[in-house]
Structure formats: structure tokens, C-alpha cells
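Step one of this worksheet: look at the structure below.
All figures in this text were calculated on a predicted structure; none of them were measured in a lab.
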Amino acid sequence: QVQLVESGGGLVQAGGSLRLSCAASGRIFSINAMGWYRQAPGNQRELVARITSGGRTNYADSVKGRITISRDNSKNTVYLQVNSLKPEDTAVYYCYADITLNSGSPFSHDYWGQGTQVTVSS
């Protein structure tokens with residue numbers, strides 16, 4: 001059983017910062033890409049940032065320059081540093097991890113966290 005547990009959300013004033021964390025645990029052979037999505041009320045879930053096992057990153061255009069994704073492979077943890085928060089960043093943030101369960105398996109699966117609420121007040 002694989003679990004992803006997020007932390008670090010909360011209520012922040014516009015212009016403030018937050019650091020979200022997501023730790024994966026369970027029967028894991030390797031973790032490929034990890035990343036963060038967000039979903040605001042009435043909107044579709046959208047990709048915020050993604051990082052490969054080798055550290056290559058991708059960011060949504062709407063957050064470039066304000067958000068940094070990083071990971072600690074020794075802890076199976078991905079982080080999202082969000083600066084200069086705006087009210088439009090208000091959303092539930094979900095982490096995901098593309099995980100291979102078994103050594104030698106060509107297959108991997110996406111696992112998701114339960115989501116953490118980020119609310120930015122103006």
C-alpha cells in the first residue's frame with residue numbers, strides 16, 4: 001500500500017509564502033516524476049509543477065517565477081515553495097508521484113495525496 005501525505009497548507013495573506021510537503025511511503029521500489037496539481041472551486045485540476053527523478057522541472061506559466069519545486073529522494077518527499085501568493089492561488093493542492101512498485105517491472109502508477117487547502121486572503 002502506498003500513501004502520499006501532504007502538509008503545509010493554510011491561510012495566508014496576499015504576498016506571503018508557503019512551503020508544501022508531500023511524503024510518499026509504503027512498498028515503493030522507485031519514484032519517477034513527482035509533482036503538484038491544484039484545483040480551485042469550479043475549475044478543473046491543473047498542473048502546477050513537476051519534477052523528474054533526475055531533477056528536471058516544469059512549471060505552469062501562471063506560476064513561473066513564484067514557485068519552486070524540489071525533492072529529497074532519500075525521503076521520498078517533494079516540496080513546493082510558493083512565494084508572492086495571490087488570491088487566485090487559492091485552491092486545494094494535490095501532490096502526485098509516479099511510482100514503480102517492483103524491481104524489474106516496466107510498469108508504474110500515479111498515486112495521489114488527499115489534498116491540502118491553500119487560501120490566500122487579499
Requested in this report: Please report the C-alpha distance between V2 and N76 in whole Å, then the side-chain angles of each, then the deciding distance to 0.1 Å, and finally whether the side-chain contact (heavy atoms from CB on, under 4.5 Å) criterion is met.
Outcome: CA-CA 11 Å; V2 173; N76 289 341; over 6 Å; no
**Report entry** Closest approach of A14 to S122 (non-hydrogen atoms, all atoms of both residues)
**Finding:** CB-CA, 4.3 Å
Query - Side-chain heavy atoms of Y37 within contact of L47, under 4.5 Å - result: yes
Query - Check: M34 and I69 side chains under 4.5 Å, non-hydrogen atoms - result: no
Requested in this report: With L18 as reference, evaluate V120, V12, L80 under the side-chain contact (heavy atoms from CB on, under 4.5 Å) test and give the passing residue.
Outcome: V12
Requested in this report: Decide whether I67 and Y79 are clustered together by the hydrophobic rule: side chain heavy atoms of Ile, Leu, Val, Met, Phe, Trp, Tyr closer than 4.5 Å, transitively.
Outcome: no
Requested in this report: Let me see the working for F29 and N102 under side-chain contact (heavy atoms from CB on, under 4.5 Å), right down to the final yes or no.
Outcome: CA-CA 5 Å; F29 172 68; N102 300 305; 5.7 Å; no
Query raised in the report: Can you tell if the side chain of I31 reaches within under 4.5 Å of the side chain of R71, non-hydrogen atoms only?
Result: yes
Report task. Please work out whether the ring planes of W112 and Y94 are parallel, tilted or perpendicular, with thresholds of 30° and 60°. Result -> perpendicular
Query - Minimum heavy-atom distance between L20 and G9, given as atom pair plus value - result: CD2-N, 3.5 Å
Query raised in the report: Which pair of heavy atoms, one from C95 and one from V78, lies closest together, and at what distance?
Result: CB-CG1, 4.5 Å
Report task. Supply the atom-to-atom distance I28 CD1 to Q1 CD, rounded to the nearest 0.5 angstrom. Result -> 11.0 Å
Query raised in the report: Got a sec: does the CD of E46 have more than 12 other heavy atoms crowding it under 6.0 Å?
Result: yes
Query - Exercise: identify the closest heavy-atom pair between Y111 and L4 - result: O-CD2, 3.5 Å
Report summary line: With Y59 as partner, the option from T68, V48, I51 fulfilling side-chain contact (heavy atoms from CB on, under 4.5 Å) is T68
**Report entry** Test side-chain contact (heavy atoms from CB on, under 4.5 Å) applied to Q81 and S17, step by step
**Finding:** CA-CA 7 Å; Q81 178 69 41; S17 298; 3.9 Å; yes
Query raised in the report: So, does E6 use its side chain to make a donor-acceptor pair with the main chain of Q114 at under 3.5 Å?
Result: yes
Query raised in the report: Under a 4.0 Å N-O cut-off, is there an ion pair linking D61 with K64?
Result: yes
Query raised in the report: Quick one: OG on S53 to CG on D98, what's the gap to the nearest 0.5 Å?
Result: 9.5 Å
Query raised in the report: Is any side-chain heavy atom of S21 less than 4.5 Å from a side-chain heavy atom of K75?
Result: no
Requested in this report: List the atom of R66, the atom of S84, and the distance in Å for their closest heavy-atom pair.
Outcome: NH1-O, 3.1 Å
Report task. Under the side-chain contact (heavy atoms from CB on, under 4.5 Å) rule, what do W36 and C22 come out as? Steps first, then yes or no, please. Result -> CA-CA 9 Å; W36 293 88; C22 174; 3.7 Å; yes
Query raised in the report: Is the closest side-chain heavy-atom distance between Q117 and T90 below 4.5 Å?
Result: yes
